[in-house]
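Counting convention: from 1, in listed order, for ligands and their atoms alike. Computed from a predicted structure; not experimentally measured.
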Amino acid sequence: MYDIKSIYQPFSVEDAVNYLVENPEAVIIAGGSDVLISIRKGKLAGCSLLSIQSLQELKGVSLEQDESIKIGALTSFSNISESSVIQKYIPVLGEAVDEVGGPQIRNIGTIGGNISNGVTSADSASTLFSLNAELEIIGPQGKRIIPISEYYLAPGKVDLKKGELLTAVYIRKENYEGFKGKYIKYAMRNAMDIATLGCSVMCRLNKEKDEIAEVHLGFGVAAPVPIRCPKAEAAVTGMKISEELFEAFGKAAQGEVSPRNSWRASKDFRLHLVYELSKRALRESIIKCGGAING
Ligand SMILES: Cc1cc2nc3c(=O)[nH]c(=O)nc-3n(C[C@H](O)[C@H](O)[C@H](O)COP(=O)(O)OP(=O)(O)OC[C@H]3O[C@@H](n4cnc5c(N)ncnc54)[C@H](O)[C@@H]3O)c2cc1C
C-alpha cells in the first residue's frame, strides 16, 4: 500500500499548472518509478500527487518545422529508442536510454522524470548535455526555454519554480547535424544497475575526416550533477586524429570533474573511468563519423 493523501489528474497542461499553483506542496508523478519508491520508503509518505500520465500532448518524439527534435517530457524510454526520428538523427540518445534499468522500467520511466529528479546518474542526462538540449518549462507566467545545464541547481534540485512543470526537450539541428556520438555507462553489472560513471561524446570531423571540427563531452556521476567538460572539448578541437588527441582529451577531462567516494566506487577509480571512458567514447564517435583510426 502507498501512503498517499490525494491524487489529481489534470485535463490539460494549463489545468496542471493551476493545480500546482493552488497546491504548491503537490508532487508531480509521471511514470512513478522514482516517486512511488520515495512514497514507499516514507520520504514522500502522505503526499498529494499530480499525475500527468494522461496528458497526451506531453508524449512522443517529432521533427519540428525548423528541424529541431522535440521530445515530450512524458515520453517513455522505450518510445524514445523506438522512435524513427531518434534512430535517424540522434541514435546515441536511443542507445543511452536503452541502458536504463530493465524493460519494465524503460516502458514506464519518462525522460522528463529522469532529468527532473535531479540525479547525477540519470542515463539520459549526459547525452542531453552533449546534445546541448534545451528544456521547455510551462508555468503560471507562460513558457520559458532554458539550456539543460541551467536546469540542475544541486543534487536532487532542478530549476522549477512554483506552478511549473517540464513539458519538452528540444535538440536543435546545429547540435545533431553532422555529429555522431557514443554513450558509455560503466556499472557494477550489465543490467538493472545505476551508473558508476556515465560518459557521452558527440563529435563532428572536418571534411577530410582527419581532424576534430567540434566535440561535446558530458558526464554523469563525475560531479554532484551532470556536467560538460568545455576545457577538454577546447583542448582537442582542431587536432588531428592521433593517440595524442585521445591522451589530451582524457587528461583534460580528468581536470574538470569532481567525483566522490561512494560505496559503488572510490573517487580515484571514477577519475580513472573519466580518463578511459572519454577516450573510448571519442574513439567510437570518430569511427562512427567515418574517421580513420590507426591501431
Ligand atoms: C528498478 C529501477 C531501476 C532503475 N534504473 C535506472 C537506470 O539504470 N538509469 C537511470 O537513469 N534511472 C534508473 N531508475 C530511475 C528511474 O526509473 C528514472 O529516473 C525515470 O526516468 C524516472 O521517470 P519517471 O517518469 O518514472 O519519474 P517519476 O518517478 O514520476 O518522477 C521523478 C521526479 O521527476 C519529477 N517529474 C516527473 N516528470 C516531471 C515533469 N514533466 N515536470 C516536472 N517534474 C517532473 C517528479 O516530481 C519526481 O521528482 C531506476 C528505477 C528503478 C525503480
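- Of all atoms in ligand 1, listed by their number and element, those nearer than 4.0 Å to a heavy atom of Ser33 are 16 (C), 17 (O), 18 (C), 20 (C), 22 (C), 23 (O), 24 (P), 26 (O), 29 (O), 53 (C).
- Contact annotation: for Arg106 versus ligand 1, there are no heavy atoms closer than 4.0 Å.
- When only non-hydrogen protein atoms are considered, atom 39 (C) of ligand 1 lies nearest to Ile28 CG2, 3.9 Å.
- Look at Ile115 and you'll find every heavy atom at least 4.0 Å from all atoms of ligand 1.
- A cation-pi arrangement is present between Arg172 and Tyr170 under the rule of less than 6.0 angstrom and at most 45 degrees off the ring axis.
- For ligand 1 and Leu165, the ligand atoms under 4.0 Å from any heavy atom of the residue are 42 (N).
- Ligand 1 has no nitrogen or oxygen under 3.5 angstrom from a nitrogen or oxygen of Ser124.
- At distances below 3.5 Å, not a single donor-acceptor pair connects side-chain atoms of Asn114 with backbone N or O atoms of Ala122.
- Considering both main-chain and side-chain atoms, Ala73 never comes within under 3.5 Å of ligand 1 through any nitrogen or oxygen pair.
- When each of Tyr151, Tyr152, Phe219 is checked for a side chain to side chain contact (heavy atoms under 4.5 Å, CB included) with Pro226, only Tyr152 meets the rule.
- For His216 and Phe179, the ring centers sit closer than 6.0 Å to each other.
- Looking at heavy atoms from C-beta onward, Tyr183 lies out of side-chain contact with Met202 at the 4.5 angstrom threshold.
- Heavy-atom contacts of Ala30 reach the following atoms of ligand 1: 25 (O), 30 (O), 37 (C), 38 (N) (cutoff under 4.0 Å).
- For atom 14 (N) of ligand 1, the protein comes within 4.0 Å by no heavy atom at all.
- Side chain of Ser38 to backbone of Leu44: no donor-acceptor contact under 3.5 angstrom is found.
- Not a single N or O atom of Phe77, backbone or side chain, sits closer than 3.5 Å to an N or O atom of ligand 1.
- Among all non-hydrogen protein atoms, the one lying nearest atom 37 (C) of ligand 1 is Gly113 CA, 3.5 Å.
- The ligand atoms of ligand 1 that sit less than 4.0 angstrom from a heavy atom of Ala122 are 11 (O).
- To the nearest 0.5 angstrom, Leu128 atom CG is 5.5 Å from Ile171 atom CD1.
- Nearest to atom 28 (P) of ligand 1 among the protein's heavy atoms is Gly32 N, 3.5 Å.
- Residues meeting the side chain to side chain contact (heavy atoms under 4.5 Å, CB included) test with Lys88, sequence neighbours left out: none.
- For atom 36 (N) of ligand 1, the nearest non-hydrogen atom of the protein is Ser116 CB, 3.7 Å.
- The shortest N/O to N/O separation between Ile105 and ligand 1 does not fall below 3.5 Å.
- If you check which protein heavy atom lies closest to atom 11 (O) of ligand 1, you get Asp123 N, 2.8 Å.
- Among residues two or more places apart in sequence or in another chain, the side-chain hydrogen bond (donor to acceptor under 3.5 Å, both in side chains) test is passed with Arg280 by Glu276.
- Heavy-atom minimum distance, Val21 versus Pro140: CG2-CG, 3.8 Å.
- Contacts with ligand 1 closer than 4.0 Å are made by no heavy atom of Ile111, backbone or side chain.
- Residue contact check: Leu160 has heavy atoms under 4.0 Å from atoms 43 (C), 44 (N) of ligand 1.
- Looking only at protein heavy atoms, the nearest one to atom 1 (C) of ligand 1 is Met192 CE, 3.7 Å.
- Lys182 places no side-chain N or O within 3.5 Å of a backbone atom of Ser200 that could act as its donor or acceptor partner.
- Heavy-atom separations between Gln104 and ligand 1 are all 4.0 Å or longer.
- Looking at atom 12 (N) of ligand 1, its nearest protein heavy atom turns out to be Asn114 ND2, 3.7 Å.
- The aromatic rings of Tyr8 and Tyr19 lie parallel to each other, their planes meeting at an angle below 30°, with 60° marking the opposite boundary.
- Regarding atom 40 (C) of ligand 1, its nearest protein heavy-atom neighbour is Leu166 O, 3.7 Å.
- No donor-acceptor pair closer than 3.5 Å links the side chain of Arg144 to the backbone N or O of Ile138.
- Near Ile37, with a cut-off below 4.0 Å to any heavy atom, the atoms of ligand 1 are 53 (C).
- Counting atoms of ligand 1 from 1 in the listed order, those under 4.0 Å from a heavy atom of Gly101 are 5 (N), 6 (C), 7 (C), 8 (O).
- Residue Gly31 has at least one heavy-atom neighbour below 4.0 Å for each of these atoms of ligand 1: 24 (P), 25 (O), 26 (O), 30 (O).
- In this structure, the side chain of Glu256 engages the main chain of Ala232 through a donor-acceptor pair within 3.5 Å.
- With respect to Lys185 and Asp123, a salt bridge is recorded, a charged nitrogen being found less than 4.0 Å from a carboxylate O.
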